Structure formats: C-alpha cells, structure tokens
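Below is one structure; the comments refer to it alone.
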Amino acid sequence: MSKKIRFNFKSLLIIVVLILIVFRTPFKHQNLPYLILKSLYVVYFESKVFDNPTYQSDTGIFNDVNLVNNNNNKLYVVIIGESTTRKNMSLYGYGRKTNPLLSKQNGLRVFKNVISPHAGTTASLTKALSLDNYENSSKEKGSIIQLLNAANFETYWISNQQPVGFAETDITKLVYSCNNKFYLNTEDTEELNLYDNVIFDKIDYVINNNSDRNKVLFIHLKGTHFYYENKYPDSFNTFKDKPKTQIAINESEYKFINEYDNAVTYNDFIVNTVIDKIKRKRSESFVLYFSDHGEEVYHTIKFAGHNDDVGTLPMFEIPFILWESKDYKLKNNIKIELNRPYMTDDLFHSIADLCGIDNKYVDLERSIFSKSFKNRKRVILNNKDYDSLLKIENTKN
Ligand SMILES: [Zn+2]
C-alpha cells in the first residue's frame, strides 16, 4: 500500500517536473497539461473575484443615473463575438472575401485599432462588461447590465454559449442582474451543430414584443471558436484552396485556415442579419459588434487558438464595428474617430456613453465614442505595451 502511494507521488512529481521543464522551452506553446493547469487556476481565481454578491442585485452600486435624451423608442444591441481576429476579415483588408455582406452595409463604422485586454473569454469579458479594467481592479464592483437597469432600460441577454462551463460560468454570474436571460445552448454545441442562427427567432420575439420600455440586447455568439469546422453549416464551406501565409504550413494546417475563414464568413452573415433586423424596426438604434478576443491561425507562429501564455498579437486584434440608425444619429452626439487606439477593458464606459447614460461612474475619457477620450498605454500579457510589441512585429514583416 505504502509502496503504491510512493509510486504515485513519484509519478506525479515526474509529471510536474516535466511540465515545468517544457514550460521553460519554446515548446510551451504545445504544452497542453501546463495550459490546462494554468486555465484551471485562472478560472478558479476569476470565479472567486466574481463571487462578489454585488453582481446579484438589479442595480448594484448605481443610482442617480440620467439619460442624455428622454426618447422612448430606444432599441440598442451589443453583439459579443467569440475568437474572431480582424486579421481574417476582408473589412480589415484580408485578401479573402470573408465579409461579403457587412462590406455592403451602408454607413458601417469600422474601428481599426481596437484590442482585447486578454486572449481568453473570461478574463476579457469580465473586464469589458464591468468597472474593472487593467489599471485598477476596481474596488467598487458594478456591471454594465446593472448600470442599464438603473437607467430603466429593459435588459436582455441572448446567448448561444452554455451558461455553465470552463469559460462560461463567470460571465453568467456577471450578467446575473439582466432582466431577461435566454441561454439557447445548454448542451455541447460540437455535437448538436447548433449554429449561431439559433439567436434569430429570439431576437425577433424580443424586438417585436409590445413592451414600451427602452431595450438593450446583449447577444453572445459562439462565433469562430475552435473547432472551426463545427461553427458553420455546409453551405458556408467555400474556401478550399491553399491560402497565402507569412509562415510555411502543411496541408492539415491550411485546412484549419480554410475552416476558420468559412467560420468568419458565417459570422459575417450572422452579424449582418442582426443589423438588418434592427434596421427594419426604424427605432433609435445602434448595433455594436466586437469579439471577446482574437485568434492565432498560423499568422505569426505554428499555432491555432488563443491563450495568454502563447500570447501572439492576432489573439488581441479584434473587430470593433458600429452601425447607427438615422434616428440614433439625430438624437445622439457621439464622436467617431476610427483610428483611436482602444482596449476593451474600458468597454463599460463606451457602452454607457453610446446609451447616453450620465452617471458618476461613467468616465468619458475611457469611452472611444467621446470627445473627451484620452489615449492611454495598452498593457497586455502582464506588463507589455501592445504598441511597442506591434512595432517590433511590423519590423519583422
Ligand atoms: Zn473567447
């Protein structure tokens, strides 16, 4: 018995030492056990942070919330994408036509220089949707949903992601105060082939119900997450030839790129369809689309996926796109500068600004849509300046 225990302890020790050794080498990108252990730690840590009961109440710390205009025809939409790097979008200059529909959408504002604070869902979105940001893990906790509730918006969360899971549970806790939550996917999507078009019926239902309150819809997509081939129906299986790449790749690797590009094209269809639905309502509306983080798909290294430990720039370089209705433009006065450098850990302030909310917690210097916007250093990967990393990357090409 004791011999068996000694053996198990020794085996465990050998495994841990091997993991640590591999982590010290360039092979850490392929070190799955290390990445799993690290992810478990991050999920545990984040779940402790977001156990704060503040997120459970409807309006949290927010009171004295005012709206810039008192129109009662507001229908606002925030679409949260998943694992989509702008590097594979033709709207951002990618060689393949992966945005055939959005590129025909009139008046779309395509922001060119927005990054996510992390390369993982939980770490990114818990910052994007709350007062937390990179510089200060805010002492006073509050979510954008609670602020919108306090401004008397009817809030909706429509998700094609599972409510409970490795990267999902903390987001569910964070948006707990949402008035209406629809989790359309409670099974393993990989087996169900539940594509993102599952959201359409629910959106129709929500935008056509007779509530005369102002509404904000958050839509959380499956987007272009690995495994890419399971994120789009057969009719979107269009890219089959060998793509152009900066690094040499083999046949199975370029198959991944083709599948990713098919998923990006399907995502184009999803986002464009949501915009068309909102457009038809002729309300005071905007649709904001961004991705939680990006994805490396053989752009800079031989790797497909996203992870802060691998941490390549395409994992942070995200699409950030705004559509506004005619009525919205008439009644709101936001400032559009498409080249502003922005990181979405401050998204709380941008969404509040877009929704015309005036409150002491809303800092317009942190809103990409404000004339008061201030440029700040964008720190990623613990302590690195994104813009310096970008300069180094650009000199390589
Ligand atoms: Zn994600």
Side-chain angles (χ1 to χ4, degrees), residues 29 32 35-36 38-47 49-50 78-89 114-130 132 134 143-144 157-175 183-185 188-190 194-196 198-199 218-232 256 259-260 263-264 266-267 270-271 288-297 299 303-321 343-345 347-348 380-381:
H29 297 163
L32 198 59
L35 295 179
I36 289 172
K38 177 78 192 294
S39 301
L40 275 172
Y41 169 76
V42 170
V43 166
Y44 173 77
F45 178 76
E46 293 280 349
S47 75
V49 172
F50 282 91
V78 177
I79 306 175
I80 305 167
E82 172 61 72
S83 306
T84 304
T85 176
R86 63 172 180 258
K87 282 197 148 343
N88 288 54
M89 295 176 64
V114 179
I115 61 167
S116 60
H118 295 279
T121 307
T122 306
S124 275
L125 289 185
T126 46
K127 283 194 174 77
L129 302 175
S130 80
D132 273 0
Y134 205 96
S143 73
I144 187 67
W157 186 265
I158 300 172
S159 175
N160 188 26
Q161 300 221 358
Q162 288 124 299
V164 177
F166 207 51
E168 295 89 350
T169 306
D170 289 310
I171 312 302
T172 304
K173 284 185 196 169
L174 184 66
V175 302
Y183 289 94
L184 307 177
N185 174 2
D188 182 359
T189 314
E190 302 301 334
L194 201 58
Y195 303 122
D196 275 335
V198 72
I199 62 170
F218 287 82
I219 298 165
H220 196 190
L221 302 176
K222 265 286 176 189
T224 62
H225 195 280
F226 206 78
Y227 294 96
Y228 315 132
E229 61 176 335
N230 296 329
K231 298 301 176 300
Y232 55 90
F256 272 136
E259 289 166 359
Y260 188 75
V264 173
Y266 184 62
N267 194 62
I270 296 291
V271 174
L288 175 70
Y289 164 70
F290 72 101
S291 181
D292 61 343
H293 51 79
E295 186 87 337
E296 171 73 46
V297 196
H299 306 94
F303 183 84
H306 55 269
N307 191 302
D308 270 334
D309 290 302
V310 183
T312 62
L313 299 191
M315 295 183 193
F316 296 85
E317 292 166 342
I318 53 170
F320 193 92
I321 295 165
M343 187 158 84
T344 52
D345 60 334
L347 192 69
F348 174 96
I380 57 169
L381 298 168

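Both counts, for ligands and for their atoms, begin at 1 and track the order of listing. Remember, predicted model here, so these are calculated numbers, not experimental data. Excluded from the calculations below are hydrogen atoms, water molecules and symmetry mates; all remaining heavy atoms, backbone and side chain alike, are included.
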Could you give me the CA-CA distance, side-chain angles and deciding distance for Ile80 and Leu129, then say whether side chain to side chain contact (heavy atoms under 4.5 Å, CB included) is met?
CA-CA 11 Å; Ile80 305 167; Leu129 302 175; 4.2 Å; yes

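- Among the backbone and side-chain atoms of His293, an N/O/S atom is found under 2.8 Å from the Zn ion (ligand 1).
- Using bins of under 30°, 30° to 60° and over 60° for the plane-to-plane angle, the ring pair Phe320/Phe290 lands in the tilted bin.
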Using the rule given for side chain to side chain contact (heavy atoms under 4.5 Å, CB included), can you reason through Leu184 versus Ile158, listing the C-alpha separation, both sets of side-chain angles and the distance that settles it, and then say yes or no?
CA-CA 7 Å; Leu184 307 177; Ile158 300 172; 4.0 Å; yes

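- Draw a line from the Zn ion (ligand 1) to OE2 of Glu82 and another to OD2 of Asp292, and the angle between them is 100° (to 10°).
- At a threshold of 2.8 Å, the Zn ion (ligand 1) has no backbone or side-chain N, O or S atom of Ser291 nearer than that distance.
- Ring geometry, Tyr260 versus Tyr228: the interplanar angle exceeds 60°, so the pair is classed perpendicular (tilted spans 30 to 60°).
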